[in-house]
Amino acid sequence: MNTNESNHNPTSDFIRDIVADDVQSGKHTRIITRFPPEPNGYLHIGHAKAICIDFGVAAEFNGECHLRMDDTNPAKENMEYVESIRNDVRWLGFDWGPHFYFSADYFERMYEAAATLIRKEKAYVCELTMDEWKDYRGIPTQPGKPSPFRNRPIGESLDLFARMRAGQFPDGTLCVRAKIDMSSPNLHLRDPVMYRIMRAHHYRTGDKWCIYPTYDFAHPLEDAFENITHSLCTLEFEVHRPLYDWFLRELEFPQPPRQIEFARLNLTYTVLSKRRLLELVRDGLVNGWDDPRMPTIAGLRRRGFTPASIRTFCKRIGVTKFDGYTDIALLEFCLREELNRTAPRAMAVLNPVKVVIENYPAGQEEWLEAVNNPEDSSAGTRQVPFSRELYIEADDFMEDAPRKFFRLAPGREVRLRYGYLVTCTGFDKDPVTGRITQVRCNYDPATRGGNAPDGRKVKGTIHWVSAPHAVRAEVRLYDRLFKAEHPEEVSAGQDYKMNLNTESLKVIHALVEPGLANPAPDIRFQFERKGYFIQDRVDFRQDSPVYNQIVPLKDSWTKTAATE
RNA sequence: UGCCCGAUGGUGUAAUGGUAGCACAACAGACUCUGGAUCUGUUUGUUCUGGUUCAAGUCCAGAUCGGGCAACCA
């Protein structure tokens, strides 16, 4: 995208306005942003919003966006997460080019920067224990008091800092603090920790370091090292901004990056925090990070969401500083909108009941032409087999049907999609369970393809599969992970997990048209009148097909039926 | 009771001192070989109180409500 196009970009927001101003004023000639996840979990749809903003802004201004692993806490981070993050960002459709970085690669420069601050008397080595520090720090309504080590000689701090690095002190005993303002109303400015001693194996630097920089110290440096112009992050870092600016000022970076905060995404009927998601995975409440019910990118991918629909969603929710809840229905809308346009249709009977066409010759079969996608004529047609015995949805037959039921019932005529008009002549019922075991029909041979030569109309069209040709498939029906709109809003003493939807996964066995046994990989189908489905990327096999429901079709009938 | 940030229909978002608009959702109707899609229509909004101004959602003051901040997490 060139800058000319960006001038015509109809969707702007307060961040893009700032960036545009900075370009216009000549403050920056090249825009550089970054997406800096910590590799301590899988990315979720909330990160997708941030990714779309970070990469999107850079692209619109013809700049670049760096992907950076913010790995300053080795206790929580690992390579599996690094790889998953790279995969997910790529899958979403973004390209960081050569700009893939690790914070850990800056540790030496960060160490030097900390030493510089000590030499400037802007930092010192503190020996207070964490408990002692609590007293010194004070509380929001009361100022803190200076650490007794605050004014120790520069040389002493420098020496201690070097010995911290050399491993001469136990974990947590000493730390390096920035010397700022112990009476600041902003707690983050009350001599925050820059370096702590932590003997943990780092997935990238191994055991080279036993001291690690904190986020507050590391982040502005990483941004500055990479010449980031706009450091976009979520609202909770707003109170950290004065500290971010302080480090950059004291270290005299000539072109300091500017941090701008936006509201993180909250979605109804799910949780969106790494901690919660990790808990769901670890406690086995879902089947891993890529469980199709998870709001993780990996979960959405396996569920069958498209990258484009997620990007569209992120565009539509906008960028503001208002911390609200976005209706998950909007995400589903973006998906349906795309899939309606692109998904080939197929017929699959999820809850089968047998139909016998009594006036259709036994043993006969014929192949009927079916349209692949009525929204896209270029998708062509396919042949589907038809025979005397079929399966239809149990829901599509009613023994005693109300007027507005436009499907099969004794004496009523319906269209079999792309097949024939059939009239129900009777049915069989299990005398014990009352279950319908078989529906009997007659067909009108003159209506092949679904149209009656005499012009008579039928109100209902139902889908079907030919019994001898049908393929058995496992179908996994997914519903919202939580039954509460705001799962985290529970009364004191209660846990958000009580809001888990116990019906979020239903496994059923369906009978599907033969073409669904061996589809090209990654094809999202619309099972007509039911929903969108994709083969499960893990469990699908030709001899035992497994389909995931991505999202059901909108269904106005259940509402109508409910008001009957 | 400290500091920071925010507040526009049910939800999300636009209007940058000049007609409150868009999308989702909901509802109604039309159409339909998917009770899908499509089309049409309807309902619902500037938190409050003052002030500045010819004119305020927008600027100012105060209030109310909501969110964030007291890891050697990010």
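A note on names: the letters A, B, ... follow the listed sequences, proteins ahead of strands, and every chain is numbered from 1.
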Problem - Complement of B:G62, any strand, by Watson-Crick or G-U distances under 3.5 angstrom - result: B:C48

Problem - Main-chain N/O of A:L43 paired with A:Y81 side-chain donor or acceptor, under 3.5 Å - result: no

Practice task
Tell me whether B:A71 sits syn or anti, counting syn as a glycosidic angle within 90° of 0.
Solution key: syn

Practice task
For A:R241, report the nucleic acid contact type (base, sugar-phosphate, nothing); a contact means any heavy atom under 4.0 Å.
Solution key: nothing

Practice task
Using the C1' atoms only, state how far B:U38 lies from B:U44, rounded to an integer number of Å.
Solution key: 25 Å

Completion exercise
For B:U53, the nucleotide meeting Watson-Crick or G-U wobble distances (both under 3.5 Å) is none

Exercise for the section: Could you check whether A:D17 gets within reach of a base, just the sugar-phosphate, or nothing at all, counting any heavy atom under 4.0 Å? Expected result: base

Handout entry: Distance in Å, A:D216 CG paired with A:Y244 OH, rounded so as to fall on 0.5 Å steps
Key = 11.5 Å

Fill in the blank from the handout: Atom NE2 of A:H188 and atom P of B:G2 are separated, to the nearest Å, by 18 Å

Practice task
Return yes if the base of B:G12 and the side-chain atoms of A:R316 contain a donor-acceptor N/O pair under 3.5 Å, otherwise no.
Solution key: no

Practice task
Find the distance A:L43:CG to B:A74:C1' and express it as a whole number of Å.
Solution key: 14 Å

Exercise for the section: Look at A:T320 and B:U13 and indicate whether a side-chain polar atom (N or O) is within less than 4.0 Å of OP1 or OP2. Expected result: yes

Exercise for the section: Look through every strand shown and name the nucleotide pairing with B:A30 as Watson-Crick or G-U wobble, where both distances are under 3.5 Å. Expected result: B:U38

Handout entry: A:E528, A:R529, A:K530 screened by side chain to side chain donor-acceptor pair (under 3.5 Å) with A:H463, the one that passes
Key = A:R529

Exercise for the section: Between B:A25 and B:G12, how far apart are the C1' atoms? Round to whole Å, please. Expected result: 11 Å

Fill in the blank from the handout: Whichever of A:E77 and A:D555 has the more 5' nearest nucleotide on RNA chain B, that residue is A:D555

Problem - Distance test, side-chain N/O of A:K554 to OP1/OP2 of B:A25, below 4.0 Å - result: yes

Handout entry: Rounded distance in Å between the P positions of B:A56 and B:U49
Key = 15 Å

Completion exercise
For B:G17, the nucleotide meeting Watson-Crick or G-U wobble distances (both under 3.5 Å) is none

Practice task
Report which part of the nucleic acid A:Y195 touches: base, sugar-phosphate, or nothing (heavy-atom distance under 4.0 Å, all strands).
Solution key: nothing

Practice task
Report yes or no: is there a donor-acceptor pair, N or O only, under 3.5 Å between the side chain of A:Q526 and the base of B:U34?
Solution key: yes

Practice task
Let me know the distance between CD1 of A:I260 and P of B:C4, rounded to the nearest Å.
Solution key: 20 Å

Practice task
Establish whether the base of B:A74 is bridged to the side chain of A:H240 by a donor-acceptor pair shorter than 3.5 Å.
Solution key: yes

Handout entry: B:G29 and B:U19, which share atom name C1', separated by this distance in whole Å
Key = 29 Å

Problem - Sole candidate of A:E279, A:E489, A:R276 that passes side chain to side chain donor-acceptor pair (under 3.5 Å) when paired with A:Y496 - result: A:E279

Fill in the blank from the handout: Note: A:F322 and A:A263 closest approach over all heavy atoms is O-CB, 3.1 Å

Problem - Interatomic distance where CE belongs to A:M130 and C1' belongs to B:A70 [whole Å] - result: 15 Å

Exercise for the section: Using a cut-off of strictly less than 4.0 Å, decide whether A:R341 has a side-chain nitrogen or oxygen near OP1 or OP2 of B:A37. Expected result: no

Fill in the blank from the handout: Between A:E261 and the options A:L232, A:L235, A:V239, the side chain to side chain contact (heavy atoms under 4.5 Å, CB included) test singles out A:L235

Handout entry: Nucleotide of B:C69, B:A70, B:A74 approaching A:V239 most closely (side-chain heavy atoms)
Key = B:C69

Problem - Exercise: do A:Y106 and A:E226 side chains pair donor with acceptor under 3.5 Å - result: yes

Completion exercise
Winner on side-chain proximity to A:D327, out of B:G35, B:U34, B:U11, is B:U11

Problem - Identity of whatever pairs with B:C3 - Watson-Crick or G-U, under 3.5 angstrom - result: B:G68

Fill in the blank from the handout: When both distances are under 3.5 Å in a Watson-Crick or G-U wobble arrangement, the nucleotide paired with B:U8 is none

Practice task
Please determine if a side-chain N or O atom of A:R196 lies less than 4.0 Å away from the OP1 or OP2 oxygen of B:C73.
Solution key: yes

Handout entry: Check: A:R345 side chain, B:U34 base, donor-acceptor under 3.5 Å
Key = yes

Practice task
Report which part of the nucleic acid A:Y212 touches: base, sugar-phosphate, or nothing (heavy-atom distance under 4.0 Å, all strands).
Solution key: nothing

Practice task
Have a look at A:L189 and say if it touches a base, only the backbone sugar-phosphate, or nothing, with a 4.0 Å heavy-atom cut-off.
Solution key: nothing

Practice task
Tell me whether the OP1 or OP2 atom of B:A71 has a side-chain N or O from A:R137 closer than 4.0 Å.
Solution key: yes

Problem - Rounded distance in Å between the P positions of B:G51 and B:C5 - result: 27 Å

Practice task
Can you tell me, in whole Å, how much space there is between the C1' of B:A15 and that of B:A23?
Solution key: 15 Å

Exercise for the section: Take A:K134 and A:E375, find for each the nucleotide of RNA chain B with the closest heavy atom, and name the residue whose nucleotide sits nearer the 5' end. Expected result: A:E375

Exercise for the section: Look at A:S184 and B:C3 and indicate whether a side-chain polar atom (N or O) is within less than 4.0 Å of OP1 or OP2. Expected result: no

Exercise for the section: Check the distance between B:G68's P and A:F262's CZ and give it to me in whole angstrom. Expected result: 17 Å

Practice task
Output yes if the stacking criterion (under 5.5 Å between centres, under 30° between planes) is met for A:F322 over the base of B:A7, else no.
Solution key: no

Handout entry: Sugar-phosphate only, base, or nothing, as touched by A:G324 at under 4.0 Å among non-hydrogen atoms
Key = sugar-phosphate

Exercise for the section: For this output row, return yes or no: ring centroids of A:Y124 and A:F149 closer than 6.0 angstrom. Expected result: no

Exercise for the section: Take the protein atom CD of A:E337 and the nucleotide atom C1' of B:G36, then report the distance between them rounded to whole Å. Expected result: 14 Å

Completion exercise
Whole-Å distance, A:K459 NZ to B:U32 P, equals 8 Å

Exercise for the section: Using the ring of A:W367 (Phe, Tyr or Trp, six-membered ring only), decide whether A:R382 places NZ or CZ under 6.0 Å from its centre and within 45 degrees of its axis. Expected result: no

Practice task
Quote, to the nearest angstrom, the P distance that separates B:U42 from B:U34.
Solution key: 28 Å

Handout entry: Gap in Å between the two P atoms, one belonging to B:G62 and one to B:C3, rounded
Key = 12 Å

Problem - Short side-chain N/O contact from A:K321 to OP1 or OP2 of B:A7, under 4.0 Å - result: no

Problem - Atom-to-atom span, CD1 of A:I139 to P of B:A71 - whole angstrom - result: 12 Å

